[in-house]
A.B. asks: 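To start, I am sharing the structure in question, which I have written as structure tokens.
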Amino acid sequence: MTMQIADSVPLSAPDARARAHAAAARDNLRTEPRAVRIVIIALAMTFLSVFVVLPLVVVFAQAFSKGVLAYFAALADPEALSAIKLTLLVAAISVGLNLVFGLVAAWAIAKFEFSGKTFLITLIDLPFSVSPVISGLVFVLLFGAQGYFGSWLRDHDIQILFAVPGIALATTFVTFPFVARALIPLMQEQGTQEEEAAISLGASGLQTFFRVTLPNIKWGVLYGVLLCNARAMGEFGAVSVVSGHIRGETNTMPLLVEILYNEYQFVAAFAIASLLAMLALITLIAKTVLENHLDEGHDASEH
Amino acid sequence: MSIEVRNLVKKFGSFKALDGVDLKVNDGELLALLGPSGSGKTTLLRIIAGLDWPDSGEVSFNGEDALAQGARERHVGFVFQHYALFRHMTVFENVAFGLRVQPRAIRKDEATIRMRVKELLDLVQLDWLADRYPSQLSGGQRQRIALARALAIEPRILLLDEPFGALDAKVRKELRKWLRSLHHEINVTSIFVTHDQEEALEVANRVVVMDKGKIEQIGSPDDVYESPATAFVHGFIGESIELPVLIADGLITLGDRPLRLAADGLAPGASRLFVRRHDMLVGPPGSGAFEGAVQHVRNFGPVQRAEVALSGGQTIEIDAPRGRELRAGDTIGLEPRRYRIFAG
């Protein structure tokens, strides 16, 4: 009697069997022994700590090594303030320009068919593939005293190199792809049907853009602007070539960090560096939030 | 509002999407554009809506030139195949969109807009979904919201591109009936595009059959089914048996076998014979125009579908009533109750 019951249990309990099958399948998919898993995870964590977290900690430790007062004194230095102001100004200009250029380029690529489109897409990526130093040199060749437009600019008393316009131009060039890159795949995926629907419902071009297109891409725009801004504030190479390093005038924050460091002013150098590090952290958090929103947008459009 | 299309041509590169299309749509009509994919039916619809422009030809609404106006001015309601609802707006705002973007001079006040949207949502029987977003709706619900949105601007013409194409069979059948009764209610000139013959025959007052950028036939659902004008229409609508025949000396021959069918008034030469599956009557061997051996039999409700190898070598499928059971191996005679022969 008891034997029979014991036998009949697994047969009459398909749930239990299904559970056993599922467990077996799980084990098959994850065959690495526990020890291997622990070693791999530990390696990854150690690598991250040494190469990413440690430098970040060092920046802040150095910045505060002479105390909080020394830290704020370093930031209040006129040279530091001028560098912060210049960096914000240049970032504002280049982000503003790239927002407009990026929207226009993405719109053209995603919503229209024209010959040379592939070439345009490749061209947009050019600033990413060229070394920033070369990008800077291009502007020196164009606008420098011996450059193509050099004499004309001198005759008309226009200063581009070693001044804000040159720095803004170089930064804009280097950060150009961010907004366009963030928008092109998004706008291509969304297609033109919603715009067509809006127009057939009587909306004007501007109404269509502000009521339909822009709301659909707003998270993508923010994402592009965020990355563009982070790069604009942190750009060193291209700006270094065109800035001329005039103290208190054409030094951006990354340039000032290098100068101060070379002059053994470690607290001051790391104080400025800590601001850039904080910018990076804020960017990272904002990026994560935005990516979540972008994913939601994709999900909603899948149905 | 009547629509008239004259000699419309539209090319995409070297592909002729529309190759000289003439069409007149009467006021209040519910017209179906029926054809396989690539036949140009959607292109024709988009040109009428102003979402595409022809290379040549004319489109007029009530006699006035429509091509002189952009999509925005035409007051045409367009329902897209994939709905194209504004994904960041609620159902309510989707429907209200057309009213909100009107020029300030004629824009209605908020209370009127709200009332109108509510009426429309009642009309499509989805007022309880007003606060949802499109991603939270089922396909059938989205389709009805897209229709309500298009109707909000009180369109002079309603155009629907494959309105039921993306829906499952059951919902599609329900929505067909619903669309027909809705059209009866609002009575606005409507054109819908479909590749589904059943849909076209069931819903429309008149059917336009298109193929390769040309109109093959225009007629009532009965016309296109009962008297197809071309071989394409016969083959496309309803299930047909198609046999290559030769007409010579007052005889119709299939392969080397003369058929006992009248060849009066037919032009000599290679032709195609069309018979509806259910118009092939089964008789004893030796009777009828054809003879063949039954290969397979499958039962579909009231009919049995038999695959028959004709003595000429061709294999055809016929639908016979269930009265007299057919079995594989039987030799039978077949007589077409009705048939059509098209040259070419």
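Below, each value reflects all heavy atoms present in this structure, side chains not excepted, and no hydrogens, waters or symmetry copies. Not measured: the values here are computed from a predicted model. By convention in this document, chain letters (A, B, ...) are assigned in the order of the sequence lines, proteins followed by strands, and residues within each chain are numbered from 1.
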A.B. asks: Would you say the ring centroid of A/Phe176 lies under 6.0 angstrom from that of A/Phe178?
C.D. replies: no
A.B. asks: Check for a donor-acceptor pair, side chain of B/Gln136 on one end and backbone N or O of B/Tyr133 on the other, with a separation under 3.5 Å.
C.D. replies: yes
A.B. asks: Considering heavy atoms only, which positions within residues 192-204 of chain A lie below 4.5 Å of chain B?
C.D. replies: A/Gln193, A/Glu194, A/Glu196, A/Ala197, A/Ala198, A/Ile199, A/Ser200, A/Leu201, A/Gly202, A/Ala203, A/Ser204
A.B. asks: Taking B/Ile47's backbone N and O only, do any of them form a donor-acceptor pair with B/Asp52's side chain (distance below 3.5 Å, no angle check)?
C.D. replies: no
A.B. asks: Is there a donor-acceptor contact under 3.5 Å from the side chain of B/Lys10 to the main chain of B/Trp53?
C.D. replies: yes
A.B. asks: Taking atom CZ of A/Phe101 as the centre, does the number of heavy atoms from other residues, nucleotides or ligands within less than 6.0 Å exceed 12?
C.D. replies: no
A.B. asks: Just so I understand: if I count every heavy-atom pair under 4.5 Å between each of B/Pro155, B/Ala84, B/Gly139, B/Gly50 and chain A, which residue has the most?
C.D. replies: B/Ala84
A.B. asks: Which class fits the ring pair A/Phe51 and A/Phe47: parallel under 30°, tilted 30 to 60°, perpendicular over 60°?
C.D. replies: parallel
A.B. asks: Is B/Leu85 close to chain A through its backbone or its side chain, or both, or neither, when contacts mean heavy atoms under 4.5 Å?
C.D. replies: backbone
A.B. asks: Between B/Arg172 and B/Glu174, does a salt bridge (charged side-chain N to carboxylate O under 4.0 Å, His left out) hold up when you go through it step by step?
C.D. replies: CA-CA 5 Å; B/Arg172 200 183 309 186; B/Glu174 281 169 17; over 6 Å; no
A.B. asks: Can you tell me which portion of B/Ala150 sits under 4.5 Å from chain A's heavy atoms? Options are side chain, backbone, both or neither.
C.D. replies: backbone
A.B. asks: Which bit of B/Phe97 comes within less than 4.5 Å of chain A, counting heavy atoms only: side chain, backbone, both or neither?
C.D. replies: side chain
A.B. asks: Applying salt bridge (Lys or Arg N to Asp or Glu O under 4.0 Å) as the test, list every pair that has at least one member in residues 62-85 of chain B; sequence neighbours left out.
C.D. replies: none
A.B. asks: Listed by residue number, which members of residues 107-126 of chain A have a heavy atom under 4.5 Å from any heavy atom of chain B?
C.D. replies: none
A.B. asks: Can you see which heavy atom on B/Ala71 is nearest to which on B/Leu51, and at what distance?
C.D. replies: CB-CD2, 4.3 Å
A.B. asks: Determine whether a donor-acceptor pair (N or O, by modelled atom type, separation under 3.5 Å) exists between the side chain of A/Thr172 and the backbone of A/Ala168.
C.D. replies: yes
A.B. asks: Taking B/His82, B/Arg46, B/Gln81 one by one, which has the highest count of heavy-atom pairs under 4.5 Å against chain A?
C.D. replies: B/Arg46
A.B. asks: With sequence neighbours excluded, tell me which residues meet side chain to side chain contact (heavy atoms under 4.5 Å, CB included) with A/Leu226.
C.D. replies: A/Thr283, A/Ala286, A/Lys287, A/Leu290
A.B. asks: Is there a donor-acceptor contact under 3.5 Å from the side chain of B/Glu29 to the main chain of B/Asn26?
C.D. replies: yes
